[in-house]
Each structure stands twice: as C-alpha cells, then as structure tokens.
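Note sheet for the following structure.
Order of the sequence lines sets the chain letters (A, B, ...), proteins ahead of strands, with each chain counted from 1. As the structure is a computational prediction, the values presented were derived from the model and not from experiment.
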Protein chains: 2
Amino acid sequence: MTEHLTNSIQDYLKHIYELTEDGQPATTTALATRLGIAPASVTGMIQKLASSEPALVSYRKHQGVTLTDKGRRAALEVIRHHRLIEAWLVQTLGYSWDEVHNEAEKLEHVISEELEARIAAAMGNPLRDPHGDPIPSADLVMPEDKSMALSGLALKQEAMVSKVESQDTDLLKHLESLGLVIGARVKTLEVSRYDQVMRLQVRGRNEPVVLGPAITNRVFVEIK
Amino acid sequence: MTEHLTNSIQDYLKHIYELTEDGQPATTTALATRLGIAPASVTGMIQKLASSEPALVSYRKHQGVTLTDKGRRAALEVIRHHRLIEAWLVQTLGYSWDEVHNEAEKLEHVISEELEARIAAAMGNPLRDPHGDPIPSADLVMPEDKSMALSGLALKQEAMVSKVESQDTDLLKHLESLGLVIGARVKTLEVSRYDQVMRLQVRGRNEPVVLGPAITNRVFVEIK
DNA sequence: AAAATTATTTAGGATAGACTAAATAATTGT
DNA sequence: ACAATTATTTAGTCTATCCTAAATAATTTT
C-alpha cells in the first residue's frame, strides 16, 4: 500500500523535521501552533502517520513525535523542494528573499522530481537557499550546518552571516537595511550576554549597530 | 461570502470553458470523462457551482452547463496560468512542448498573481503557449484564434502551423519528426476530404508527408 | 409512437482532514 | 506531595469531494 503523501501530510512531516532538529521529539502543541490547526487535529493525524504502513513517524502517547527513516526522507524531499524553489525564484525572477517563502510553501508540494532536477541543474546544484539554509542533496542528505546564532558570538570575534531564520518580511527588510545579509562580515564590539544584546561592527558600514535578541537569535554566523 | 476556489473547482471551470468553446453547453458525461470522475459526482458539483453566491455556472437539469461571467473569468485565470507556465518551463528550463503539460496541470492552481505577473513579464507577455494556444491577457481577454484544422485546408493552399491540439507525447514527438511544429510552412498537394487524409509538402523537407485524420484534425494552421 | 438505449439525476455512503468540548495525563508551584 | 495549571487525547461533528446503485429523463431505433 504505497500511501500517497498529501500536501497536508507533507506539511506535518516538514514541521516535525524542523521541530526535532534539536534531537527532542516534537510536541503536539508545538506542531499545532506551526501548522495553524488545533492540537486535537494534530493528535489524530499523528496517530494515523504512526500506524500507516510503512510508518512515517514514531509516537507514544504524551511523549511527542519523531520521524522514522521513511518520514525523514519524505520531509527532506519537501524541504529540498522548498529551498530550491526559493533559490530559483530569487535568481530567475528577481524576487527578494523576503518575498519567496509563501510562494515556495505552495509550490513545494506539486513539483515533480523531473522539475526539481531541472531547477537544481539550472542553478548548478546550490547548497544554500537565499536565507542561508542548507539544501538537502538529491539523495536527501542534509549538508552539515556549521552556523551559530549571532548571540553566541564572543567579544571581538569576527564572523560571516550565513543564515537568517525568519520569514517575517519586515524583519528581513530591516536586516537588509542594516547590511546584515548572507555573506556580510561582522565583528562584535560589545556583548551583554545575559539579555543577548550586542553592539556589532558591520564591514562596509560606518556606524556600529546595536541589536536585541529578536535579531541576535535569528541571525546566524560562521566563524571564518 | 467570497468562495475559495479549490483545485477541484478550478478544474471543473477550466474544462467547462474548453467544452463550451463551440457555443454548446457542456454535458455531464463529457465533463466526467475529461475530469476522470463519475458522472454522478459531476452533477453534484455542478449543482453546487450553480447555486453558489455568486454563481459560477449556469445550469438546468438535463440541459448541460455553461459558465457565468464570474465562472468564465475564473476559468481564464487558470488557463492563463497553465499556458504561461508551459511557455516558461519550455523557455527557461529546456523542457520540450510534449513534457510540460502535466507539470503545468499542477502548478496552475498554486501560483500567485504576483508570480504569474513575474513569469509573464520575464517572457515579454507572450501571446501563445508552446502548443500554439492563445494565452489570455492579464485582464482575462482571450486573444482571437484565427486557426483552422489542417483537414479544412483546400488543395494547393499554403499555410503556417499555428497550434497543435494534443497532449499525447508520442504524437507530439512524431509531429516534430515530420517537421510539423508551430511556425512550419506547409502546402496541400492532395486532399481526400471525405476521410480527411491529405498529402502535404512541408517547407524545408524533401519528401511530402501523408497524414490521416488523427493528425489533420489536431494540427491547426493559419493562412498567411 | 413504443421500445430500447443512453444520459442524467437522486439517494445513500465513504474518506480525509479539520473542529469543539470534555476527559485525562503530565508538569509546575508551593 | 498535593493542588493548580497546562498539555494531550478521546469522542462526536462537519465539510468537501468522491463513489455506487437505483431511478428517471432524454434520445434513438424500429
């Protein structure tokens, strides 16, 4: 019984993947929040995914959900689609990074493997999407992500912005105006670790910028 | 009550549009065949579309269906999406005209107006898709289609191939091998009108080709 | 024009995936 | 450790869209 993966199921798997990246099972409520549906509905779907053949998730009451191998591969497939599409729309249709998310959210479920391959080939098999997130390879291996939150950077340390974890258009536009885009070089001038506030020198910019946790926890860097 | 148009409803409207292009209402069975579902299911959906506010189709029992103005605009929107996407995939990802149909069939339902506009702009607002079908304009006007079936050409008449009405990959490949692609110049050498068989000179090709109705009724031409 | 055939509609169900309200389990605060 | 709070699950519904079987209407044949 080769189960057809509906849009809805693909979304569940994608979000479970993201919620379990820290190694912890995903909770019903967290999933419900992300999916924008009621917790009770999530429980129902989870039970179905856990008892399907083959099972896509592994689940024990009140213990949260994790992906099985099958489920993980399906999730990576969707994530690969999403990130390739974002990169493609930005590169070929002049979208900006803050505009592509919703479009990719819909397209990710309907492109064929053939189209996926053509998009990837047309762009030379990119490793990152416009937000800096790694794009799983065609054989569904997620590239190692060596980035760390800006808030984790030590004093006087230099690094390069490698990823921004947000789909909030306003925030993304703001970051752009600060020069905090993928590839930007930064150096910490002052850090207040407790509340994750920092003063930062952005290469190519005269004035340092002062950032709060809403930003320092969402902008990721790699030490060069 | 702004009804959300589901994929399913968009498909109904698109097929009703195509079936009613000859001015005749679409029958339940014809629609069912095209949609690949049971006639009874079509009746149910039609009744719903006819009684929605605003109505998308106009319907009287046993008399078939036609589109209302609202319905026609919705159908043209889907058709515009479909044809723009076909043109786009062919032009930017090297698809051939016989491969894009299924892909467009899925994408047509999920692209935003914004993406539609960007695709159209990137291609200079094309008037025809790769099959030669007219692409409705952004304000949903279908360009006049002056083409006629190849089988309707008179003896010794010259014309240009302007459209091919088929999604059959094998047929499309065959036509390609005969040189019968959009833009090809042809001249009728011999016609057997009764059974729609004809012998045709294709410009740039040494030997004439002999064609039966499976082809002469699906290849359309414009007299230059 | 009656009979036979074909097309269409009605009636009754199924499934997917959401919801709410109520019940239960787990966690947190004191 | 017990009470209060929060998270999760169960039970029962709802909507969209499909299905099959049976009934009816339209069309075609004779």
Side-chain angles (χ1 to χ4, degrees), chain A residues 1-16 19-20 22 24-53 55-66 71 74-75 78 105-106 108-110, chain B residues 1-16 19-20 22 24-66 71 74 78 105-106 108-110:
Chain A
M1 198 160 298
T2 298
E3 25 26 77
H4 170 237
L5 300 187
T6 61
N7 285 15
S8 164
I9 291 177
Q10 290 180 10
D11 276 336
Y12 273 90
L13 297 176
K14 181 178 66 167
H15 286 292
I16 295 168
L19 285 169
T20 54
D22 61 2
Q24 293 299 116
T27 65
T28 307
T29 323
L31 246 181
T33 305
R34 267 173 168 269
L35 292 165
I37 64 186
S41 309
V42 171
T43 301
M45 178 60 92
I46 290 306
Q47 287 170 339
K48 184 177 138 188
L49 297 179
S51 61
S52 71
E53 192 48 61
L56 295 165
V57 306
S58 159
Y59 165 71
R60 272 174 41 227
K61 277 188 194 182
H62 299 101
Q63 301 306 127
V65 214
T66 57
V78 180
E105 202 70 14
K106 294 179 294 180
E108 66 188 10
H109 303 296
V110 301
Chain B
M1 199 162 295
T2 298
E3 23 27 78
H4 170 235
L5 300 187
T6 62
N7 285 12
S8 165
I9 291 177
Q10 289 180 10
D11 276 335
Y12 273 89
L13 296 176
K14 179 178 67 168
H15 287 292
I16 294 168
L19 286 169
T20 53
D22 60 2
Q24 293 300 116
T27 66
T28 306
T29 325
L31 246 182
T33 304
R34 267 173 168 268
L35 291 166
I37 63 186
S41 308
V42 171
T43 301
M45 178 60 92
I46 289 308
Q47 287 171 339
K48 185 178 135 184
L49 297 180
S51 61
S52 72
E53 192 49 60
L56 295 165
V57 306
S58 158
Y59 166 71
R60 271 175 40 225
K61 277 188 192 182
H62 300 100
Q63 301 306 128
V65 214
T66 55
V78 180
E105 203 70 13
K106 293 179 293 179
E108 66 189 10
H109 302 296
V110 301

Give a yes/no answer on whether the side chain of Ser8(B) brings an N or O atom under 4.0 Å of OP1 or OP2 in dA16(D). no
Got [X] and [Y] here, is their nearest side-chain heavy-atom distance under 4.5 Å?
{"X": "Leu35(B)", "Y": "Asp11(B)", "answer": "yes"}
{"X": "Arg60(A)", "Y": "Pro25(A)", "answer": "no"}
{"X": "Val42(A)", "Y": "Tyr12(A)", "answer": "yes"}
{"X": "Lys106(B)", "Y": "Asn7(B)", "answer": "no"}

Whichever of Ile9(A) and Gln63(A) has its nearest DNA chain C nucleotide further upstream toward 5': Ile9(A)
Of Asn7(A) and Gly64(B), whose nearest nucleotide on DNA chain C comes first from the 5' end? Gly64(B)
Can you tell me how far [atom2] of [N] sits from [atom1] of [X], to the nearest Å?
{"X": "His109(A)", "N": "dG17(C)", "atom1": "NE2", "atom2": "P", "value": "12 Å"}
{"X": "Gln10(A)", "N": "dG17(C)", "atom1": "CD", "atom2": "P", "value": "11 Å"}
{"X": "Ile46(A)", "N": "dA7(D)", "atom1": "CD1", "atom2": "P", "value": "17 Å"}
{"X": "His4(A)", "N": "dT15(C)", "atom1": "NE2", "atom2": "P", "value": "18 Å"}
{"X": "Lys48(B)", "N": "dT17(D)", "atom1": "NZ", "atom2": "P", "value": "4 Å"}
{"X": "Leu56(B)", "N": "dA16(D)", "atom1": "CG", "atom2": "P", "value": "14 Å"}
{"X": "Asp11(B)", "N": "dA16(D)", "atom1": "CG", "atom2": "C1'", "value": "15 Å"}
{"X": "His62(B)", "N": "dA26(D)", "atom1": "NE2", "atom2": "P", "value": "5 Å"}

Is there a donor-acceptor pair closer than 3.5 Å between any side-chain N or O of Gln10(A) and the backbone N or O of Ala75(A)? no
Any donor-acceptor pair under 3.5 Å from Lys14(A) side chain to Val78(A) backbone: no
Nucleotides 10-12 of chain C: which of its N/O atoms have a protein N/O under 3.5 Å away?
| unit_1 | atom_1 | unit_2 | atom_2 | d |
| --- | --- | --- | --- | --- |
| dT10(C) | OP1 | Lys61(B) | NZ | 2.9 |
| dT10(C) | OP2 | Gln47(B) | NE2 | 2.5 |

Among Leu31(A), Thr28(A), Val65(A), whose side chain to side chain contact (heavy atoms under 4.5 Å, CB included) with Thr43(A) holds? Thr28(A)
Met45(A) side-chain proximity, nearest of dG17(C), dA26(D), dA16(D): dG17(C)
Taking only the side-chain heavy atoms of Ile37(A) (C-beta and beyond), determine which of dT17(D), dC19(D), dA18(C) contains the nearest atom. dA18(C)
